[in-house]
Amino acid sequence: MNSPETADAADKRPTGSAATTTQTAGRSKPRLRALLTSFAFANLADGFTLVTLPLLAAETSRSALAVGTVAACRMVPWALLAPALGVFADRSALRAVLQGANLLRASSLVLVAVAVAGGWLNIPILAAGALLVGIGEVLYDVSAQTALPAIVSADELESANSKQTVLGELLNGMIGPALGGMIMAVSASWSLLSSAALYAMAILAAMRLPRLAAERSESVAGYLPSMLEGFRAIWRNPLLRVFMLMTAFGALTFAGWQPLFALFATDKDLVGLDSFHFGLVYSIGSLGGIALSVAAPRLIRWIPRVHMLTASQLLGGVFLALPVFVPTFLMASIALAGYSACVIMWNVITVSYRQRSVPRSILGRVNASYRALAWGLMPLGPLLGGAASSATDSVGNGLLALVVLSVSGALFLPAIYRHRHALASQIEVDHARD
């Protein structure tokens, strides 16, 4: 697979080249530990804010529109600002971007905490705080993903991505929300300040990283063309293009499946879960994802990547359909755990391929543009699921309609098989040539 075209020969060197592998082999472990430590603190703080900001919005206003506005402000940077922020990450020293993103989030939460303590918190202030936290999240996540190929060698990418995924699932998906909710029950200000302190710890952990300077400087006048370069790089690379489209199908499906599943699972005539057991289903789901994240590097050594991607795509839809046919707590837990495992395996392989195949000089904008494209249709998911449920007067039928949408992504699998040799790591390619 040819790398996306860039302006000079140096930029055409893949991020996972043999030369890079040799240079980084002896330095990768302490640098990776520093990045993962920063990532852990930041994701724990993210988990706190996932609970604190919505609860604060609900306490400030009982309007569903107001609460939804705060939630939307947290996510809107991914849809509207990610490509521009990706260019910024490409033109900056990544260590500074990682630290600046967390400084922005910490400062925003401190200001919201001051507003809470002073008794003058309102929805506009909370929405502004959520927007700034969202901008910091985009900058940090894009930069952390972009930094990995500069820190570890090509054959270590799956392992490094698996470790990041474990930390994200454990801290952002499980421990963070639980601790954030407990502290929130005592004091909203303390929960906000605790999050800010964790972001500050992430800043300190990142000080152990090298500067990770940008490979190429560009003029401000070329900002818009640079943004478009990220989209063009995705579209010119057949595998990246297919991965993005299939990821979009999955994101759209799950965005619609979750709210319908909440109605289905809590219906006394169906699964009949109370709030505790409903939350427990999602915790078990996270555990399934964590277990596969740990096993992913070994599985990839034993099973060809293309087969793992195929299994993830096909089994994901099967897991989402299970609670409809067997509406029990056990089956709902298996469904979330299995689907989480499929998504994580898909992400580990596709993200590692993106990091290996895209030149580092444009990797930030490609990462950001990829997410913007893949997640851009997510708001349509709940609308499609709701429309299917209303048309058939059955929540279960709405869930199955979304399952069909998910499985239809398998139509792209032949394109992956045509380019399956490009999925091998650079180390494997070099051995094949020898």
Side-chain angles (χ1 to χ4, degrees), residues 46 50 68 71-72 74-83 85-86 134 137-138 141-142 145 161 164-165 168-169 172-173 230-231 234-235 239-262 282 285-286 288-289 292-293 308-321 335-354 366-388 398-413 415-416:
D46 286 344
L50 284 176
R74 172 74 177 266
M75 291 301 299
V76 76
W78 281 110
L80 300 182
L81 301 178
L85 295 176
E137 181 178 4
V138 174
D141 287 358
V142 167
Q145 204 171 73
N161 280 307
Q164 275 197 344
T165 304
E169 285 287 321
N172 193 346
F231 293 109
I234 294 170
W235 201 253
L239 269 180
L240 284 183
R241 183 169 67 241
V242 171
F243 288 159
M244 183 273 296
L245 291 171
M246 294 180 72
T247 301
F249 265 81
L252 173 66
T253 297
F254 198 60
W257 189 89
Q258 286 191 95
L260 286 186
F261 176 68
Y282 273 86
S286 294
L292 194 64
S293 295
M308 297 298 295
L309 291 175
T310 301
S312 297
Q313 172 62 37
L314 297 178
L315 291 177
V318 172
F319 281 117
L320 292 182
L336 266 295
Y339 185 76
S340 177
C342 290
V343 169
I344 285 173
M345 179 56 69
W346 175 272
N347 287 340
V348 166
I349 294 174
T350 59
V351 169
S352 298
Y353 170 76
R354 191 162 75 238
V366 168
N367 284 334
S369 299
Y370 186 99
R371 287 204 189 185
L373 290 169
W375 293 359
L377 296 178
M378 284 177 63
L380 293 179
L383 298 178
L384 292 174
L399 289 172
L400 289 178
L402 290 167
V403 168
V404 171
L405 179 64
S406 174
V407 174
S408 65
L411 296 173
F412 294 102
L413 286 174
I416 296 179

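All values derive from a computational prediction rather than experimental measurement. In what follows, every heavy atom counts, from backbone to side chain, and hydrogens, waters and symmetry copies are set aside.
- In this structure, CG on L400 lies 12.0 Å from OG on S406, to the nearest 0.5 angstrom.
- To the nearest 0.5 Å, atoms OH (Y353) and CG (L239) are separated by 4.5 Å.
- Side-chain atoms of W346 and T247 form a donor-acceptor pair, as typed in the model, at a separation below 3.5 Å.
- A distance of 11.5 Å separates CG in L245 from CG in L411, rounded to the nearest 0.5 Å.
- Judged by the 6.0 Å distance and 45° axis criteria, R354 is not positioned over the aromatic ring of F243.
- A donor-acceptor contact shorter than 3.5 Å links the side chain of W257 to the backbone of L320.
- Considering only heavy atoms from C-beta on, T350 comes within 4.5 Å of L309 through its side chain.
- Proximity of T165 to N347: side-chain heavy atoms (C-beta onward) are nowhere separated by under 4.5 Å.
- Separation of atoms CG (L85) and CG (L80) is listed at 10.5 Å; rounding is to 0.5 Å.
- Without hydrogens or angle criteria, Q313 side chain to C342 main chain gives no donor-acceptor distance under 3.5 Å.
- Taking both residues in full, the closest heavy atoms of A368 and A82 are given as CB-O, 3.0 Å, listed atom of the first, atom of the second, then distance.
- Among all heavy-atom pairs drawn from M308 and I349, the shortest one is CB-CD1, 3.6 Å.
- One distance of note links CH2 of W375 with CE of M244; it measures 14.0 Å at 0.5 Å rounding.
- Side-chain contact between L336 and F261: present, with at least one pair of heavy atoms (C-beta onward) separated by less than 4.5 Å.
- Between atom CG of residue L315 and atom CE of residue M345 there is a gap of 11.5 Å, rounded to the nearest 0.5 Å.
- The shortest distance between side-chain heavy atoms of V343 and S312 does not fall below 4.5 Å.
- In terms of heavy-atom proximity, L314 sits nearest to A410 at CD2-CB, 3.7 Å.
- At a threshold of 4.5 Å between non-hydrogen side-chain atoms, the residues L260 and L402 count as touching.
- Counting heavy atoms from C-beta on, the side chains of L252 and L384 come closer than 4.5 Å.
- Less than 6.0 angstrom separates the ring centroid of Y339 from the ring centroid of F254.
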Can V366 and I234 be said to form a side-chain contact (heavy atoms from CB on, under 4.5 Å), step by step? CA-CA 7 Å; V366 168; I234 294 170; 3.9 Å; yes

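- Of all the heavy atoms in A251 and A374, the pair that sits closest is CB-O, 3.8 Å.
- You'll find the side chain of V142 reaches within 4.5 Å of the side chain of W78, heavy atoms only.
- When all heavy atoms of F249 and S408 are compared, the closest pair comes out as CE2-OG, 3.3 Å.
- Taking 4.5 Å as the limit, some side-chain heavy atom of Q145 sits within range of a side-chain heavy atom of R371.
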